[in-house]
Amino acid sequence: MKIVCAYVFIICASSVCAHEHVAPKLPKIEWSFDGFRGVFKRDQLQRGFQVYKEVCAACHGVKRVAYRNLASLGFSEAEIKALAAAQEVSDGPDAEGKMFRRPALPKDVILSPFPNDNAARAVNNGALPPDLSLIVKARTDGANYVYALLTGYAKPPAGISVGEGQHYNLYFPGNQLSMAAPLRDGAVSYSDGTVASVSQMAKDVVAFLAWAAEPEMEERKQLGVKVFLYLVLMTGLFYATMRRIWSRVR
Ligand code: HEC
């Protein structure tokens with residue numbers, strides 16, 4: 001009896017606990033890059049890069065991406081040179097041992113705009129905006145999570161007080177973070193005529209970040225399909241050979 005009571009108690013307690021912590025389920029977006037035949041759409045990657053550059057780059061770097069890698073997004077060499085040249089990076093030391101600033105070159109990587117972590121924390125309420133190169137891989141169900149985070153800002157429910165410099169978000173663990181909602185409708189203007197709603201920009205920037213996290217994803221998946229077909233073919237061949245060889249034994 002005691003054991004049954006304890007058991008019932010544990011089940012009740014755990015369901016109450018579970019209730020307190022329920023995070024809403026992540027929205028499931030149909031990404032073009034999902035599934036074994038997934039591909040990145042070049043126009044979406046370009047829009048996503050635009051959102052990154054015009055909004056997120058104010059606080060976040062993508063240090064695993066060099067400007068010249070943007071060729072995979074369909075940018076021409078001249079466009080890449082121009083994109084790089086619009087940014088400054090520090091270089092050096094020069095002949096006198098001094099560091100200096102110069103326009104970025106295609107070989108340079110896209111760094112955080114802050115000179116160091118302390119400078120970044122100082123203007124972000126003590127929180128460090130992480131480098132976004134691998135964020136889609138670093139979080140569970142990363143693409144859906146980052147999309148949910150960007151679109152998940154809401155008024156805090158009654159009785160919940162939000163800390164100073166913190167913002168309420170349905171999907172961030174603990175529901176409060178130091179990043180204010182970075183997107184608002186029309187924050188960028190797309191040259192291909194796509195309407196820049198918050199949800200559209202969130203999808204586009206997530207596609208760009210998914211590419212940044214695994215630029216070789218398409219090749220990997222294509223190779224997977226080829227290997228699979230090869231194995232099917234070889235299985236058929238070996239089966240036919242086996243039947244032939246054993247037919248003589250009968
Ligand atoms: C004004 C600065 C600022 C801008 C602009 C900004 N962020 Fe952030 N971001 C932050 C800070 C600060 C944090 C850390 C928040 C924390 O840990 O409380 C953060 C955290 C994040 C995280 C990590 C969340 C987690 O699970 O740890 C992601 C993902 C992110 N930002 C994506 C973006 C994207 C995408 C954009 C552009 C659409 C963007 N951010 C624009 C400041 C910014």
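By convention here, the first residue in the shown sequence is residue 1. Atoms within a ligand are numbered from 1 in the order they appear, just like the ligands themselves.
- Expressed to the nearest 0.5 Å, how far CG of Asp204 lies from CG of Leu45 amounts to 9.0 Å.
- Atom 26 (O) of ligand 1 has its closest protein heavy atom at Tyr145 OH, 2.5 Å.
- Regarding atom 15 (C) of ligand 1, its nearest protein heavy-atom neighbour is Ser178 N, 3.8 Å.
- Between the side chain of Asn175 and the backbone N or O of Leu170, at least one donor-acceptor pair lies under 3.5 Å.
- Classification of Asp91 and Arg102 as a salt-bridged pair holds, one side-chain N sitting under 4.0 Å from a carboxylate O.
- Under 3.5 Å, the side chains of Ser76 and Glu79 contain a donor-acceptor pair of N or O atoms.
- Of the N and O atoms on the side chains of Gln200 and Thr194, not one donor lies less than 3.5 Å from an acceptor on the other residue.
- Note on atom 8 (Fe) of ligand 1: protein N/O/S atoms under 2.8 Å are His60 NE2, Met179 SD.
- Across Gln176, Arg139, His167, Lys53, heavy-atom proximity to atom 25 (C) of ligand 1 is greatest for Arg139.
- Ligand 1 is never approached by Val206 to a heavy-atom distance shorter than 4.0 Å.
- Contacts between Leu183 and ligand 1, counted as non-hydrogen atom pairs separated by less than 4.0 Å, involve the side chain only.
- Looking from atom 24 (C) of ligand 1 to the surrounding protein, the closest heavy atom is Leu149 CD2, 3.7 Å.
- Side-chain atoms of Lys107 do not come within 3.5 Å of backbone N or O of Tyr67 as any donor-acceptor pair.
- When the side chains of ILVMFWY residues are joined at heavy-atom separations under 4.5 Å, either directly or via intervening members, Val205 and Val195 end up in two distinct hydrophobic clusters.
- Atom-to-atom distance recorded for Thr151:OG1 and Lys203:NZ is 9.5 Å, nearest 0.5 angstrom.
- With a 4.5 Å cut-off on side-chain heavy atoms, Val51 and Tyr190 count as touching.
- Between Val123, Leu150, Asn124, it is Asn124 that holds the heavy atom closest to atom 12 (C) of ligand 1.
- By the criterion of a heavy-atom distance under 4.0 Å, the side chain of Ile135, and not its backbone, is placed next to ligand 1.
- At least one heavy atom of Phe172 sits closer than 4.0 Å to an atom of ligand 1.
- Which parts of ligand 1 touch Leu177 is read off a 4.0 Å heavy-atom cut-off, strictly below it: atoms 18 (O).
- Taking the six-membered ring where tryptophan is involved, the planes of Phe75 and Phe49 are perpendicular, since the angle between them exceeds 60° and thus also 30°.
- Within the 4.5 Å cutoff, side-chain heavy atoms of Pro157 are placed close to those of Tyr168.
- Shortest contact from atom 14 (C) of ligand 1 to any protein heavy atom: Leu128 O, 3.6 Å.
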